[in-house]
Amino acid sequence: MAALGAWGSALVPARLSRVARALWGWRARRGLVQDAGTADEGKATKPSFEDETVQNLLYKMTGLNLQKVFRPVKKELKPPKYKLMTEAQLEEATRKAIEEAKEKLIMPPVLKEREPIDDVLAEDKFLEGTETTKYVFTDLTYSIPHRERFIVVREPNGVLRKATWEERDRMIQIFFPKEGRRVIPPVVFKDEHLGTVFRQDRHEDILNMCIAQFEPDSPDYIRVHHRTYDDIEKHAKYDLLRSTRHFGGMVWYLVNRKKTDGLLIDMIQRDLLDDATSLITLYHMLHPECQSAKEAKERKLQGVDLIKVFVKTESQKEGYIQLALQAYEEAMATSTAS
Amino acid sequence: ALFAGSRLLRGYRGGHVVIRFALGGCTNRPFFRIVAAHSRRARDGKYLEQLGCLDPLPNAHGERVAGLNLERLRHWLGCGAQLSRPAEKLLGRRGSGRGRGPGSGAARRGSLPLPAGLAGFLPLHPMTVTGAERLRRRAQEAAAPPADGPAGPGDAP
């Protein structure tokens, strides 16, 4: 009950609304061509990350462990607040907690890597030699979105070109600083240092830092996320991300690369059969041409049968999954018998 | 707006709005603010509005960072503000075929017939071209000294 008292602080909603606004801004922004395109394709050809069905499946799999979502974040030390509540008030408080947790679990967007900018606006050859360093000009008009801001570079050889994405991000952070973001990305995001982070099991923290620092379509963001997911998959540490907003992205990545076996075993071992079935449904949505998808559609399988068909046709670690399924069924049998 | 400008300025005679650089910073560390102010005011004194900044020293990535609030710049230029010499060099010359958007303004016309100022906001100041040619000539004369006496200024028609 002390944990429930802790989320009454004002900082949490402020952080939430900022994060939520930043993330909703992504959906609404005009520069995002992918949303417009995939809304039309949708389930017909290839489902995308943003589709409702996909999002529902991913959200179900993420789980809602209130203790983990509202686990104490390192803030300044305040004594805990205790509230005396009736049953009805407690239910009301739990309901509000669930709603806030849902807001915290909104998944960050998964986008393709952005194309590098390579646009020369003017070539003034006679300016060559007048300056020794380049000039970077940023448009500081307050009311234009950052994606449409004009940032140009005048090179010492006289060429006036649009700034590259890295230069753009740096300039925008200098003039319009965003909280949690640094002008020069911290060294921890380099590959050699990510290993240290993973060894300390701090995948969630590094992913949160990555979301704060980089734009979702920058190559650094995608690289850090992919490394994290690969490491989690290698060491089967799926539970670290289970009730966080990164779980959906991880599942999407694994299903697209067909590396779902470890996750399936983990789910069966924790008795999360519903999650396992939704995982396989998602797999079939994304790879409709595989054999288990066709069989499942023909015979309209549900639950454990779906998993068994999937295991027989698609998985690499068949033996492990069969063992896990057997153990689960034995456990079910003993629990129902006793 | 010119009327509003003179309201703020009791006691001065004449003068007009200029867009110029106000120097700030510390010893051996200059920093310019691009500012719309009355011409009779002190260089670093009370200004009408700050329109941007320029850091003349190169940063860790070897670039000189400048920010320009183009929307307000356009407003003040529309009110009839003049530009100081260094501001002209940076932005370009007013009055000779202007109307080009800021450098990366998605090329409102296909190609720029006149060369644009350093930032590409307005067309180029002729002194920039002259200054560039003088620099180049001086560099050439320094590199190839008296041996080239008779064939000196070969390319200047």
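Because the structure is predicted, anything quoted here is derived from the model rather than measured.
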Student: For Leu70(B) and Thr141(A), work out which heavy atoms get closest and say how close.
Tutor: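 Leu70(B) and Thr141(A) have their closest heavy atoms at N-OG1, 3.8 Å.
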Student: Just verifying a value: how many Å separate Tyr135(A) OH and Leu54(B) CG, rounded to the nearest 0.5 Å?
Tutor: 6.0 Å
Student: Under 3.5 Å, sequence neighbours excluded: what are the donor-acceptor pairs made by side chains of residues 25-32 of chain B?
Tutor:
from     : atom 1 : to       : atom 2 : distance (Å)
Arg29(B) : NH1    : Asp55(B) : OD1    : 2.7
Arg29(B) : NH2    : Asp55(B) : OD1    : 3.3
Arg29(B) : NH2    : Asp55(B) : OD2    : 3.2

Student: For the CG atom on Asp118(A), are there more than 12 heavy atoms of other groups (residues, nucleotides or ligands in this structure) within a distance under 6.0 Å?
Tutor: no
Student: If you count heavy-atom pairs under 4.5 Å with chain B, which of Ile144(A), Val136(A), Ile174(A), Val153(A) comes out on top?
Tutor: Val136(A)
Student: What part of Glu167(A) gets closer than 4.5 Å to chain B, counting heavy atoms only: side chain, backbone, both or neither?
Tutor: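 For Glu167(A), the side chain is the part near chain B, not the backbone.
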Student: More than 12 foreign heavy atoms under 6.0 Å from CZ of Arg257(A): is that the case here?
Tutor: yes
Student: Using every non-hydrogen atom in the two residues, find where Glu131(A) and Arg64(B) come nearest and quote the distance to one decimal.
Tutor: CG-NH2, 3.5 Å
Student: Would you say Glu115(A) has more than 12 foreign heavy atoms packed within less than 6.0 Å of its CD?
Tutor: no
Student: What pair of heavy atoms forms the shortest contact from Thr133(A) to Pro58(B), and how long is it?
Tutor: CG2-CB, 3.8 Å
Student: Examine whether an atom of Arg136(B) lies under 4.5 Å from a heavy atom of chain A, and if so say whether it belongs to the side chain, the backbone or both; otherwise answer neither.
Tutor: side chain
Student: Identify the heavy atoms of Phe175(A) and Cys53(B) that sit nearest to each other, and give their distance.
Tutor: CE2-SG, 3.7 Å
Student: Tell me, for Ile184(A) versus chain B, whether the close heavy atoms (under 4.5 Å) come from the side chain, the backbone, both or neither.
Tutor: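 Looking at Ile184(A), just its side chain touches chain B.
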Student: Checking Glu204(A) now: which residues fulfil salt bridge (Lys or Arg N to Asp or Glu O under 4.0 Å) with it, not counting sequence neighbours?
Tutor: Arg71(A)
Student: Taking the side chain as every heavy atom from C-beta outward, state whether Asn59(B) and Arg170(A) have any atom pair closer than 4.5 Å.
Tutor: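 The answer is yes; the side chains approach within 4.5 Å.
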Student: State the CD-CD distance between Glu63(B) and Glu155(A), to the nearest 0.5 angstrom.
Tutor: 9.5 Å
